[in-house]
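Taking it in order: structure first as C-alpha cells, then the write-up.
Proteins come first, then strands; the chains are lettered A, B, ... in the order of their sequence lines, and each starts at number 1. No hydrogens, no waters, no symmetry mates; every other heavy atom, side chains included, goes into these values.
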Amino acid sequence: MKKMLELIAEEVGQAFEKAGYDKEYARVTVSNRPDLCEYQCNGAMAGAKVYKKAPIMIANEVVAYLLDSKKIASAEAAAPGFINMKLRPEYIATYLNDMKVAKDLGIEKAMNPKTIVVDYGGANVAKPLHVGHLRSAIIGESLKKIARFLGHEVIGDVHLGDWGYQMGLVITELQKRQPQLPYFEENYQGDYPKEPPFTIHELEEIYPTASTRAKEDEEYKEEALRATYLLQNGHRGYTAIWNHIMNVSVADLKKNYGNLDVTFDLWKGEADAQKYIPAMVEHLKEGGYAHLDDGALVVDVKEDSDTKEIPPCMILKSDGAALYDTTDLATLVEREELYHPDEVLYVVDKRQELHFTQVFRCARKTNIVKPNTKLTFLGFGTMNGKDGKPFKTREGGVMRLEDLIREINEQMYEKIADNRMMSQEEAKETARMIGLSALKYGDLSNQASKDYMFDLERFMSFEGNTGPYILYTIVRIKSILAKYMETNKSMEECMLRGAVTESQRSLMLEVVKFNEIIEIAHEECAPHKICAYIYEVANAFNKFYHETKILAEENEDTKESFIALLILTKKLLETCIDLLGFEAPERM
RNA sequence: GUUUCUGUAGCUCAGUAGGAUAGAGCGUCCGCCUCCUAAGCGGAAGGCCAGCGGUUCGAAUCCGCUCAGGAACGCCA
C-alpha cells in the first residue's frame, strides 16, 4: 500500500500542476498544529521565490483545486502560505480497512530486495557476554528484523572474536595448570579427548587471569604469543583446544543470546576469514596497493578531502602477523564470495569508527568489494550509569549479561507477583517478557549513535515511555477483544467506519502513519523512531479507551468499527514490538 | 595537540529535505475508578534550544567563532 503522505501529496501535486506550478512543491507532512488541521503542505512558500509571487496567492490557487477531492475534506490557505488540510473520515476508514486485511499491514515491500549482511553481536569466545555487548545485540537484531520485514534478504552474523592473541593466552594458562594434558605433549599422535578440559565457568576465569598475568610477566606474554603463532599455523594439539573452547563457549553464548531473544543466522568468526588472508595479501601486493612501511605491510587510504590524518590500513605487522584490519578485510572477501551482499551493515561501538573507515576505504580501493556494495558503519554510543560514566556494577566491575538479565527477571517477578492472580509459572514467563521489553525498549528508544543513561529503574517502570507501558496497552486491547469473542464469533469481519469521536479519529490518524515510520526507521537505521511512534499510538489508544465504552456501545455498526480499530491497533503494536525484538504476554 | 561527536524543562530524552505556539516521560502540584486492567486518563507549574555572530520572509535545525563535556588518533581487538 502506498503511504498516506504519498497519496495526499499526489492529490496536492495535481492541484499544484492545475494551478500552473511544479508538483515538486507538493510535499505533505503531518501537521504540527493539530488544532488547525491534520496534514499540511508548505510548498507554496518554497515556490514563492521561483514564481515571484506571494506564497498566500499560490496557496489559495492550489486550495481551489483541492475542494472536490475524494480524500481531502477541507483545505484552506493560511498566512503566510500554509495549506492546511483535513481528510474525509470515510477515506481514513477505507485506508485502515485495507491495512487491516493486507499482509504485514500493507507495508510496501522493497522493489529491489537487497542482500544485507548485518554484522552485530561482537561476542568474544572464552569471555562472558557483558553489558558492553548489549547494544550491538539489541540494535542489530532490530535492524535485521526491520530490513527483513521490508522484504530484504538479511543475514545476521555474530562474527565472533575467536582468533588471535586471546586464544594464545587461554592455551598458555591451561598449559600452566594442566601440563600433563596430551595437547601439550610433543609428537603426540593419538586422538585427543572428546571432553573439554574445562567448564564454561573455568574458561571464563582462565582468560582474565591469563590476560592479567601477561601484562605483568614478559616471559608469560612471549609464551602466549608463541602459542598464538602455533595455533594460527595449525598446531594439532592447540587446534584441538581451540575446538574445545569454541564448543564450550558458543553453547554458552547461544544460551545468553537466547535469553535476549537474539538469534543469528551465522555463527562465523574471525577464524573463518583466516583462509582468505594469504590470497588477499597476494592480491594487495600484486595490485600494487600495499607497500612496506616501518616493516609493516600497509595500504594507504588517505583522501584529499580528509580534514584529519587517516592512518594507513595495516595488513601485516612487521613480524608478519595479521591484525584486526586484516581479518575484517578478509571477512569482506569471504562475504563477497559466499553471499554477494549488496550491503554490509556493521553495528559496532562508535569508538571503532576510524578502523572501519580504513577498512571500507581499503576494501573499495582494492576492489575487495564490488563498487556498488554499500558498506555501512552504525556506531552506537556508550551505556552510562546514573553517574554519567560508563555503566559498572556497584563493585565497579563489568556486569555480566547473565547477571543483569537474572536481576531484571527477579525484580520484575516481584513487581507483578502480588498484583494479579497467575500461576507461578505464568508469572515467571510474564516477568521475563516484561523484563525484556524494559531492557530493549530502554535501549532502543534512545538514538543509537548517542551515549545514553542506563537506568533500569526507569526502564522497568510501568509508567511513561517504557516497554512495560507499551505491553500494558497491548494487554488491555487483548483483554477487550477476548471479552468480545465470548459473545461474537467473527471478529475479522468487523469493518472500520468513520470516526465518531475526536479520540478515535486521533488514534486512526496515528495508525495510518505505520508504513511511513517503518520505512524511515529502516532508511535511517533508527529503531528509536519506532519506539517513539508506538508510544504515540499507545497514548492515543489509551485516551480513546478511557473515553469510549467499547463493549457497551449500543450501535452495532459503531461497536464493530471500534473492534476493527482495536484489532488493527493490536496488530500494529505487536508488529512493531516484534521489529524491536520483544513480545507481549496475554495478561499482566 | 589534531580530528570528531554531544550540549533542548530540575532529571532522562524526542524534535534534519529551515516553517505557525519547541514536545514527551519522570519528579512536583491538582482532579478522575458503580464502567472493557487506575500498571490508566485529564490539568497546572516548569525553556534566552550552551553563548555570540551570520545566511533569510522565517533558524533548536544551515554556516562561522567561543565555552563546556565525551571519544578517537599505525604494529591490541
Side-chain angles (χ1 to χ4, degrees), chain A residues 27 29 31-33 35-37 40 42 45-46 48-49 54-55 78-82 84 122 124 161 163-166 211 270 293-298 306-319 321 323-325 327-328 349-355 357-358 379 381-382 384 386 388-390 415-416 419-420 434 442 445-447 449-453 455 457-459 461-466 468-469 471-473 475-484 503 524 528-529 531-532 535-536 538-539 541-553 562 566 587-588:
Chain A
R27 204 173 72 92
T29 57
S31 175
N32 55 357
R33 286 292 302 273
D35 53 318
L36 298 177
C37 62
Q40 67 184 67
N42 302 338
M45 290 180 286
K49 211 170 262 174
F82 297 102
N84 293 339
N124 288 307
W163 203 242
Y165 182 49
Q166 48 170 336
S211 178
E270 295 168 343
D293 191 348
D294 276 347
L297 189 71
V298 302
D306 288 341
T307 53
K308 63 170 170 180
E309 186 75 13
I310 304 283
C313 199
M314 190 171 292
I315 310 299
L316 294 176
K317 291 201 289 186
S318 38
D319 67 2
L323 290 128
Y324 191 25
D325 289 340
T327 304
D328 271 329
D349 191 305
K350 71 180 174 191
R351 283 174 290 201
Q352 296 192 33
E353 180 159 21
L354 178 58
H355 160 70
T357 302
Q358 293 172 294
T382 310
N384 288 326
K386 280 189 189 174
K389 296 193 205 113
K415 268 191 157 182
I416 65 167
N419 238 326
R420 314 252 166 223
I434 303 173
S445 56
N446 293 285
Q447 208 172 295
S449 63
K450 287 193 186 176
D451 296 349
Y452 81 107
M453 191 169 288
D455 182 351
E457 209 177 315
R458 182 158 56 83
F459 297 166
S461 167
F462 288 76
E463 289 161 40
N465 189 6
T466 68
Y469 170 77
L471 296 194
Y472 172 69
T473 306
V475 166
R476 268 183 148 180
I477 298 176
K478 283 186 175 181
S479 172
I480 300 172
L481 291 179
K483 280 219 165 65
Y484 182 81
S503 63
E524 299 179 3
H528 78 281
K529 299 216 166 172
C531 293
Y535 181 58
E536 275 168 25
N539 277 333
F541 169 77
N542 279 320
K543 184 167 185 178
F544 166 69
Y545 170 92
H546 183 254
E547 291 178 0
T548 316
K549 285 178 183 164
I550 297 160
L551 294 175
E553 171 60 42
F562 288 161
L566 258 60
R587 49 188 186 152
M588 56 193 271

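One P atom belongs to B/A14, the other to B/G54, and the distance between them is 31 Å to the nearest Å. With P as the reference atom, B/G58 and B/G40 are 45 Å apart, rounded to whole Å. Atom C1' of B/G51 sits at a distance of 26 Å from the matching atom of B/C57, rounded to the whole Å. B/C52 and B/U8 have their P atoms separated by 15 Å, with the value rounded to a whole Å. Look at the P atom in both B/U3 and B/G46: the space between them is 43 Å, to the nearest Å. For B/C13 and B/G74, the P atoms lie 31 Å apart once the distance is rounded to whole Å. Taking atom C1' in both B/G23 and B/C49, one finds a spacing of 12 Å when rounded to whole Å. When the C1' atom is compared between B/U61 and B/A45, the two are found 28 Å apart, to the nearest whole Å.
A donor-acceptor pair under 3.5 Å is absent between the side-chain atoms of A/Ser461 and the main chain of A/Glu457, judged by distance alone. In this structure, the side chain of A/Lys543 does not engage the main chain of A/Ser503 through any donor-acceptor pair within 3.5 Å. With A/Gln358 contributing its side chain and A/Pro312 its backbone, the two residues share a donor-acceptor pair below 3.5 Å.
Pairing of B/A60, defined by two Watson-Crick or G-U wobble distances under 3.5 Å, is not identified with any nucleotide. B/G10 is paired with B/C26 under the criterion used here, namely a Watson-Crick or G-U wobble arrangement in which both key atom distances are under 3.5 Å. Taking a pair to require two hydrogen-bonding distances under 3.5 Å in either a Watson-Crick or a G-U wobble arrangement, B/A71 pairs with B/U3. The partner of B/C35 is absent, by the rule that a Watson-Crick or G-U pair needs both atom distances under 3.5 Å. Across the strands present, B/A20 finds no partner; the criterion is a Watson-Crick or G-U wobble pair with both atom distances under 3.5 angstrom.
In this model, no side-chain donor or acceptor of A/Ser479 finds a partner on the base of B/C36 within 3.5 Å. A donor-acceptor contact under 3.5 Å is formed by the side chain of A/Asp293 with the base of B/G74.
Counting only heavy atoms from C-beta on, A/Leu354 has its side chain closest to B/C73 among B/G74, B/C73, B/A77. In this structure, the nucleotide among B/G19, B/C13, B/G74 sitting nearest to the side chain of A/Phe82 is B/G19.
In B/C5 the O4'-C1'-N dihedral to the base is more than 90° from 0, which defines an anti nucleotide.
Positionally, the nearest nucleotide of RNA chain B for A/Ala78 lies more toward the 5' end than for the other of A/Glu309 and A/Ala78.
Ring geometry, A/Phe562 versus A/Phe544: the interplanar angle exceeds 60°, so the pair is classed perpendicular (tilted spans 30 to 60°).
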Report each atom pair, protein N/O against N/O of nucleotides 40-45 of chain B, whose distance is under 3.5 angstrom.
residue : atom : partner  : partner atom : Å
B/G40   : OP1  : A/Phe462 : O            : 2.9
B/G40   : O2'  : A/Arg476 : NH1          : 2.9
B/G40   : O2'  : A/Arg476 : NH2          : 3.4
B/C41   : OP1  : A/Tyr469 : OH           : 2.9
B/C41   : O2'  : A/His546 : ND1          : 3.0

Write out a two-atom table: protein N or O, nucleotide N or O from nucleotides 4-6 of chain B, distance below 3.5 Å.
residue : atom : partner  : partner atom : Å
B/U4    : OP1  : A/Thr307 : OG1          : 3.3

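In this structure, A/Asp451 places its CG atom 13 Å from P of B/U12, rounding to the nearest Å. Atom P of nucleotide B/A39 and atom CD1 of A/Ile416 are separated by 14 Å, given to the nearest angstrom. Going from atom CE of A/Met453 over to atom C1' of B/G10 covers 13 Å, rounded to whole Å. If you measure from atom CD1 of A/Ile477 to atom C1' of B/A39, you get 15 Å, rounded to the nearest angstrom. What separates NZ of A/Lys386 from P of B/C26 is a distance of 16 Å, to the nearest Å. Residue A/His355 contributes atom NE2, which lies 14 Å from atom C1' of B/C75 at whole-angstrom precision. To the nearest angstrom, P of B/C75 lies 9 Å from CG of A/Leu323. Atoms CD1 (A/Ile480) and C1' (B/C35) sit 12 Å apart, rounded to a whole Å.
Among the protein residues, A/Leu36 comes within range of the nucleic acid bases, having at least one heavy atom under 4.0 Å from a base atom. Note on A/Asn84: a base of the nucleic acid sits closer than 4.0 angstrom, heavy atoms only.
Sparse packing is recorded around CD of A/Glu353, with 12 or fewer heavy atoms of other residues, nucleotides or ligands lying under 6.0 Å away.
To the nearest 0.5 Å, atoms CG (A/Asp451) and CG (A/Asn446) are separated by 10.0 Å.
In this structure, A/Arg476 is not positioned above the aromatic face of A/Phe541 in the sense of NZ or CZ being under 6.0 Å from the six-membered ring centre and within 45° of the axis.
Regarding contacts with the backbone of B/A20, a side-chain N or O of A/Asn32 is found under 4.0 angstrom from either OP1 or OP2. Regarding contacts with the backbone of B/C76, a side-chain N or O of A/Lys317 is found under 4.0 angstrom from either OP1 or OP2.
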Practice task
Classify every nucleotide of nucleotides 55-63 of chain B by which part a protein heavy atom approaches to under 4.0 Å, writing B for the base, S for the sugar-phosphate alone and - for neither, in 5'-to-3' order.
Solution key: ---------
